[in-house]
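I have a structure I would like to understand better, so I am pasting it below and will then ask my questions one at a time.
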Amino acid sequence: MTMMSEARAGTADLRAHATTATAPGAPASQRRRPPPRRSWNWNDPGVRTFTYQLALAAVLAFVGWYLYDNVATNLRRQNIATGFSFLGEAAKFNISETPVSFTAADSYGRALLIGLLNTIHVSLVGIVCATLVGVVMGIARASRNLLVSKLAGCYVEFARNVPVILHVVLWSSIIRNLPAPRQALDVLGIGFISNRGLTLPVLVPDPAHGAMGLGFLVGAVAAVILYKLIKRHGERTGRYVAPLPPALALVVAATFLPWLLSGAPVAFDMPKLRGFGFSGGMTVPPEFFALVVGLTVYTGAFIAEIVRAGIESVPKGQSEAARALGLKPSSIMSRIVLPQALRVIIPPMSSQFLSLTKNSSLGVIIGYPELVNIGNTIMNQTGQVVEMVTIMMIIYLGLSLTTSISMNLYNNAVALKER
Amino acid sequence: MFGMGLLKHGKVLLVSAAIALSAGSAIAEQGATLKTVKERGMLLCGAHPGRYGFAAPDAKGRWVGFEVDLCRAIAAAIFGDGEKVKFVALSSQQRFPAIQSGEVDVLPRNTTATLTRDTALGLNFSPPVFYTGLGFLVRKDAGVKSIEELNGAVICMAPGSTTEQSVARIFAQRNLKYTPIVIENNKELASAYVAGRCDALAKDRDALPGVRVYDAPNPDDHVILDGTYSKEPLALAVRHGDDQWYDIVKWVMYGLMEAEENGISQANADAMLKSGDPYVRDMLGVTGDFGAKLGLDNKWLYSAVKSVGSYKDIYERHFGAGTALPLPRGVNKPWTDGGLLYGLPIK
């Protein structure tokens, strides 16, 4: 962080120079003058800043080296094994949820990978859900309908003023106290809700599905082209045709045509009660569900406030003008207000996504096998605490930076273009 | 309570930071630990934050339990006073950094002695003070009689030391499948099992009666499966590098076992000072200089026994017939009674 602010200070400094160099009103000769030769002059602000920054960097590097050296020396003197070779050893434990295959014979490194994938999985689902909830609640809060805005206000105040850990534990205990598999609640005759999670039938894989996926891709590309063509045609001729329905129809047709051609195969793997629980179908485990719901409810409230602030930042005149032009309220929101509000909304959203990702480590409390939970087990079994904590910190840092970078790219894409 | 998870991780970091910052001060050199402890006037013991019978603060905040008493015995051997000890509650991740960095002097915290811990973690282990092993708690109405019938079950366990590996091994040996649910917080773990999230709870056998009696609304709905499924010899850990300190911890443990074997107890310790048996008089420091050889007062064992009793006294106090959760001694009795406790001779 220090380095970032340092870098920012550096940029600001450069900008300051640039401004002075090309100060408007300065005589042309002065502007074109070559930059003065740098000499070691303490009164030169550039030299001073550079020296300060160099000194700070040196101090930081020294502190970093000192800490590292100290740990290494102490561990060596106590004959404590160090290094990361333990990551290659067999883990000898099992994990409940494995996005890629994992057995007790696999390595600690692979166990860590499973934890990382589970963290990414739960964070992505959480981010999507929290954004949906947040946008809906934010718009509701900004609504002029008193009931809607007050209800949304109650949600926001309740959700963001209760620690996230309580949200997660609350949902976890609600789900745990659902009926046992044998008394499971039936959902429309297709799925079951029990304290073992939500069990649903799944499609039995068929070669046709691959063809469907291909069809979908081809259809999607064609649909985008069709959408643009129709839109351009409308703009050129002034006869406006809604471009979305034909484009969607094209996607659907392209997806299902191969399926119809291969004889419309449909076979479901239905969950059945067997032994201790259900066999067949797929199950959304209660821990995953509780974590996603807890994180969504909590983060959604913050996002709602960000969205509301964004909407309210758009001058009233904008929507009044749109109304005067005769736009529908839904179009006003989607075409006039939200695009302008996004400028205000996107930057603080990144930090909500970051905190949601980091809060997913609460899976450790309710037993979801995410990064920290598995890291805990590895720490316990190998005793390599310093190494494991370092690895986990680096992984979270990497996740956060990736999120930040993608959000910045998106922010640049939607930023108000000044022409 | 719910915040504990976060705090714990914070604390792991802190402990790691402590290792990072302590410039060699924590390194155990010959005799350094005893000197530090004496200068401090207080023994620092890493304790389990709460395990029935082993270690937990009572209603008045005083630490009680089997492992707590072992620590008091060491304090008594050093200071002649079993109260000169401070307990530091440690989670299972915190315990090793805590002993390695010198945050505690000795670690009697439900710790299974294993080769890796003895070597790669830079620890030395006292003789085992409690032999236990993995057991399973199941609901009676599930009709499960043996582990073979747990095929396909969901099993709750703590991110323990060795529990996860032991369960994996036991099930693999029998070609059985299971789904592990790993929860660190003991209360959360018990409540997940009681609420029916899991079909079985896997823990050290001696910890299961506590869950059954205190956490389950109706203890009679739950049974502990017969059999002990892994070896978990619990022992006290100290740092590598200070042999004198290791000797002290080791011999206080042997001493408590020897005291039981030779009929010395908290009640008769004073009378035994006048024993006609020279071996007993040597043990209690009436004659001989065995305490001095350890760097302690010659009355080291007398003080320990006087303050907390022999191994038998300690066991009976926390697991005996009169306690809330009586636990038969099983193999945790002297070798002379067919058990595994074998104190080496104080000669």
message: On a heavy-atom basis, which atom in A:Phe276 and which in B:Val144 lie closest, and how many Å separate them?
response: CZ-CG2, 3.9 Å
message: Can you tell me which portion of A:Thr382 sits under 4.5 Å from chain B's heavy atoms? Options are side chain, backbone, both or neither.
response: backbone
- prompt: What part of B:Cys198 is in contact with chain A, defined as an atom under 4.5 angstrom from a non-hydrogen atom: side chain, backbone, both or neither?
  reply: backbone
query: Residues in ring pair (Phe, Tyr, Trp, His ring centres under 6.0 Å) with B:Phe136, at least two apart?
result: B:Tyr229
message: Need one label for A:Asn373: side chain, backbone, both or neither, based on atoms under 4.5 Å from any heavy atom in chain B.
response: side chain
statement: So, the part of B:Leu189 with a heavy atom under 4.5 Å from chain A: the answer is neither
- request: To the nearest 0.5 Å, tell me how far A:Glu89 CD sits from B:Thr116 OG1.
  value: 7.5 Å
task: Under 4.5 Å, counting heavy-atom pairs only, tell me which of A:Gly197, A:Ser96, A:Pro369 racks up the most with chain B.
output: A:Ser96
- line: Scanning both residues in full, the closest heavy-atom pair of B:Ala195 with A:Asn195 reads O-ND2, 3.5 Å
- prompt: If you count heavy-atom pairs under 4.5 Å between each of B:Ile181, B:Thr179, B:Val154 and chain A, which one has the most?
  reply: B:Ile181
- request: Count the heavy atoms belonging to other residues, nucleotides or ligands that lie under 6.0 Å from OH of B:Tyr246, then report whether that count exceeds 12.
  value: yes
message: Please check: side-chain N/O of A:Arg196 versus main-chain N/O of B:Arg197, any donor-acceptor pairing under 3.5 Å?
response: yes
- prompt: What's the verdict on side chain to side chain contact (heavy atoms under 4.5 Å, CB included) for A:Asn380 and B:Gln165, showing C-alpha distance, side-chain angles and the deciding distance?
  reply: CA-CA 11 Å; A:Asn380 243 317; B:Gln165 287 181 340; over 6 Å; no
- request: Output the distance between atom CG (A:Asn177) and atom OG (B:Ser191), rounded to the nearest 0.5 Å.
  value: 8.0 Å
field: Least distance between heavy atoms, A:Ile365 atom then B:Ile183 atom
entry: O-CG2, 3.2 Å
query: From B:Ile155 CD1 over to A:Asn94 CG, what is the distance, rounded to the nearest 0.5 angstrom?
result: 10.0 Å
message: For a side chain to side chain contact (heavy atoms under 4.5 Å, CB included) check, start with the C-alpha distance between A:Arg176 and B:Glu188, then their side-chain angles and the critical distance, and finish with the verdict.
response: CA-CA 11 Å; A:Arg176 267 181 208 154; B:Glu188 272 292 298; 3.3 Å; yes
- prompt: Which residue out of B:Ala120, B:Ala172, B:Gly122 racks up the most heavy-atom pairs below 4.5 Å with chain A?
  reply: B:Ala120
- prompt: Of the backbone (N, CA, C, O) and the side chain (C-beta and beyond), which part of A:Ile378 lies under 4.5 Å from a heavy atom of chain B, both, or neither?
  reply: neither
query: Does atom NZ of B:Lys140 have more than 12 heavy-atom neighbours from other groups under 6.0 Å away?
result: yes
query: Counting heavy atoms not belonging to A:Tyr68, are there more than 12 under 6.0 Å from its OH?
result: no
query: Is A:Arg160 atom CZ crowded by more than 12 heavy atoms from other residues, nucleotides or ligands, each under 6.0 Å away?
result: yes
message: Is A:Glu97 in contact with chain B via its backbone, its side chain, both, or neither, using a 4.5 Å heavy-atom distance?
response: neither
Under 4.5 Å from a heavy atom of chain A, the part of B:Tyr178 involved: side chain
query: Where on B:Thr119 is there a heavy atom nearer than 4.5 Å to chain A: the side chain, the backbone, both, or neither?
result: backbone
From B:Glu184 atom CD to A:Ile366 atom CD1, the distance as rounded to the nearest 0.5 Å: 14.0 Å
query: Between A:Ala72 and chain B, which part of the residue has a heavy atom less than 4.5 Å away: side chain, backbone, both or neither?
result: neither
message: Is there a side-chain contact between A:Lys92 and B:Glu164 in this structure, where contact means two heavy atoms from C-beta onward sitting under 4.5 Å apart?
response: no
task: Kindly write out the residues that satisfy ring pair (Phe, Tyr, Trp, His ring centres under 6.0 Å) with B:His48, not counting sequence neighbours, or none if the list is empty.
output: none
